[in-house]
There are 2 protein chains.
Amino acid sequence: MAESGRCQPVKETRCELCSQHARCLPLGLELNELESFDAILQRPRPLKRGEALVRQGGSFESLYAVRSGSLKQTVAQEGQRDQITHFYLPGELVGLDGIGESRCYGSVVALETTFVCELPFTRLEDLAEHSPTLRSQLYRCMSRELRNDQRMMCLLSGRTADQRLASFLLGLSNRFRARGFSPARFHLSMSRSDIGSYLGLALETVSRVLARFQAQGLVSVEGREMTLVDRDALLALAEEGAGRHSGV
Amino acid sequence: MAESGRCQPVKETRCELCSQHARCLPLGLELNELESFDAILQRPRPLKRGEALVRQGGSFESLYAVRSGSLKQTVAQEGQRDQITHFYLPGELVGLDGIGESRCYGSVVALETTFVCELPFTRLEDLAEHSPTLRSQLYRCMSRELRNDQRMMCLLSGRTADQRLASFLLGLSNRFRARGFSPARFHLSMSRSDIGSYLGLALETVSRVLARFQAQGLVSVEGREMTLVDRDALLALAEEGAGRHSGV
DNA sequence: CGTTCGTTTGACGATCCTCAAAGTTGGTGG
DNA sequence: CCACCAACTTTGAGGATCGTCAAACGAACG
């Protein structure tokens with residue numbers, strides 16, 4: 001995103017000093033543990049827009065923590081259009097779904113210039129052997145992602161286009177706020193088509209609903225610059241009882 | 001399910017002898033580890049149909065392994081209709097989404113008479129401290145569930161009612177096969193309404209599509225008795241390129 | 001300056017939801 | 001054992017939402 005892009009190339013890889021430390025995996029580690037953690041961490045490497053971090057079906061080796069920028073995970077199913085399953089922001093962990101099968105479930109592609117920290121998984125496991133904190137952080141991360149995915153399932157199966165968009169915008173807003181960026185005004189690093197794919201809508205629908213939101217005074221959009229004008233109304237819309245299947 | 005219901009009340013709690021051992025969490029543990037595992041395991045307790053195993057928002061204490069029977073996870077959102085996010089069959093693990101927040105994300109309710117093994121999580125963590133196998137089994141389980149949830153997200157956001165139903169039936173069939181039950185003929189322990197909630201469809205749509213599948217010779221349904229007649233056709237339907245959003 | 005990619009807007013139609021009512025099943029109690 | 005009740009299922013009719021197709025516009029990039 002625009003703001004996160006301002007994070008300049010980081011020479012410093014000590015987690016302790018990273019702006020995302022408070023939201024990232026090694027949170028809560030003892031000093032000596034943190035040192036070992038820093039030691040296994042591969043230097044952040046820059047990804048250009050459109051560059052792939054991992055490829056679908058490629059062998060799973062590492063988790064990646066986003067340091068700055070943003071990425072999308074896309075899943076290609078045979079004969080069908082690619083589907084976007086996740087957007088990743090700074091402080092979030094990429095690759096957890098690869099552990100079980102030791103293959104990457106989808107491709108992960110940078111949406112803008114992006115820095116990630118690579119965490120070789122076998123080394124991480126070794127470290128976790130002697131660190132209860134790291135173990136429980138790992139469990140916590142995976143469990144949280146399970147919750148997020150389930151929330152997403154609820155969104156996709158029960159809500160109208162308006163509600164999906166409203167939830168999406170509020171979700172982004174909250175994630176930005178948590179990262180110290182403005183929750184009211186931000187840059188969308190993904191296209192309308194990406195949003196549509198993620199939310200299970202046609203890109204035209206995304207465009208139309210956003211236009212209507214603007215006409216209703218809920219947001220103000222100029223291309224990919226988004227301003228949330230009436231947050232309360234968006235929230236009311238997102239949580240409104242009358243979605244689809246509201247009967248019975 | 002009908003078949004699994006035949007599993008009589010189990011006095012034997014040794015995992016080694018459980019019919020689900022090959023698909024369950026303690027798979028691969030050394031003999032001595034397995035003994036410790038058995039030791040922390042709470043005796044299977046029977047749940048009657050409709051009885052809750054855990055309640056939404058209740059504090060998270062344990063994981064549960066399904067021994068026989070089946071359950072559904074339902075998530076109640078404010079003002080909206082409950083949504084079903086998972087069905088659990090024997091050998092599957094309930095509660096992984098509770099670890100991160102130490103609260104249960106949804107309620108889990110038995111669909112028929114069901115036996116589960118309770119695994120107090122703190123004890124499990126203690127055990128995992130000294131068992132790399134158990135640790136990696138835990139990661140594996142969570143990671144697999146992440147994948148399943150993502151598959152579900154793809155299903156919900158990109159596919160037609162027919163394709164959702166076809167995938168659902170095939171998915172169940174595969175899970176039954178893996179458990180030693182007939183993949184071609186099984187009993188649905190969930191209602192049409194449950195299926196609809198899970199797949200993001202109105203219950204009427206579920207009923208209609210199943211009727212049409214029967215007319216087309218794909219399946220044969222009598223109430224909740226399901227027979228898959230033309231598995232290949234179902235597969236072709238489920239993987240068909242032309243879902244929704246197939247353009248562009 | 002032209003090409004490509006992304007976005008907007010319109011018209012049309014299909015899918016699937018809603019409402020409604022009748023028909024089933026299963027379980028309970030008289 | 002039967003009757004009754006509740007919950008579940010089926011089927012129909014009508015309509016809303018949202019996807020598809022199409023075309024024009026805008027922006028970014030070489």
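Note on naming: letters A, B, ... go to the chains in the order of the sequence lines (proteins, then strands), and numbering restarts at 1 for each one. No hydrogens, no waters, no symmetry mates; every other heavy atom, side chains included, goes into these values. Because the structure is a prediction, the values reported are computed rather than measured.
B:Ser107 and B:Arg55 are not linked by any side-chain donor-acceptor pair at a separation below 3.5 angstrom, with hydrogens and angles left out of the test. Between the side chains of A:Arg231 and A:Ser173, at least one donor-acceptor pair of N or O atoms lies under 3.5 Å.
Whole-Å rounding puts the B:Gln214 CD to D:dT11 C1' distance at 15 Å. If you take CG of A:Leu201 and P of C:dT15, they are 18 Å apart, rounded to a whole angstrom. In this structure, A:Arg159 places its CZ atom 19 Å from P of C:dC16, rounding to the nearest Å. One interatomic measurement links the two molecules: CD of A:Glu222 to P of D:dA28, which rounds to 12 Å at whole-angstrom precision. Rounding to whole angstrom units, CG of residue B:Asp162 and P of C:dC17 are separated by 12 Å. The distance between atom CZ of A:Arg244 and atom P of D:dG19, rounded to the nearest whole Å, is 9 Å. For B:Glu225 and D:dT9, the CD to P distance is 13 Å, given to the nearest whole Å. Nucleotide C:dT15 holds its P atom 18 Å from the CG atom of B:Leu199, rounded to whole Å.
Counting any heavy atom pair closer than 4.0 Å across all strands shown, B:Ala161 reaches sugar-phosphate atoms only and no base atom. B:Gly196 comes within 4.0 angstrom of no nucleic acid atom, judged by non-hydrogen atoms across all strands. Note on B:Gly158: nothing from the nucleic acid sits closer than 4.0 angstrom, heavy atoms only.
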(request) Assign a letter to each nucleotide of nucleotides 2-14 of chain C from its 5' end: B, base within under 4.0 Å of a protein heavy atom; S, sugar-phosphate only; -, no contact. (result) ----SSBBBB---

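Considering CG of A:Leu234 and CD of A:Gln216, their distance stands at 9.5 Å, rounded to 0.5 Å.
For A:Asp194, the salt bridge (Lys or Arg N to Asp or Glu O under 4.0 Å) test picks out A:Lys72, with sequence neighbours left out.
Between B:Phe181 and B:Phe186, the gap from one ring centroid to the other reaches at least 6.0 Å.
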(message) Between A:Glu92 and A:Arg144, does the salt bridge (Lys or Arg N to Asp or Glu O under 4.0 Å) criterion hold? Intermediate values first, please.
(response) CA-CA 11 Å; A:Glu92 294 174 341; A:Arg144 255 191 223 133; over 6 Å; no

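A side-chain contact (heavy atoms from CB on, under 4.5 Å) with B:Leu71 is found for exactly one of B:Leu111, B:Val109, B:Val108, namely B:Val108.
An end-to-end axis angle of 40° holds for the helix from C:dC1-D:dG30 to C:dG30-D:dC1, taken from five base pairs per end and rounded to 10°.
Contact record, A:Met226 with A:Leu210: CE-CD2, 4.2 Å, taken as the closest heavy-atom pair.
When side chains are defined from C-beta on, A:Leu218 does not count as touching A:Leu169, because their heavy atoms never get closer than 4.5 Å.
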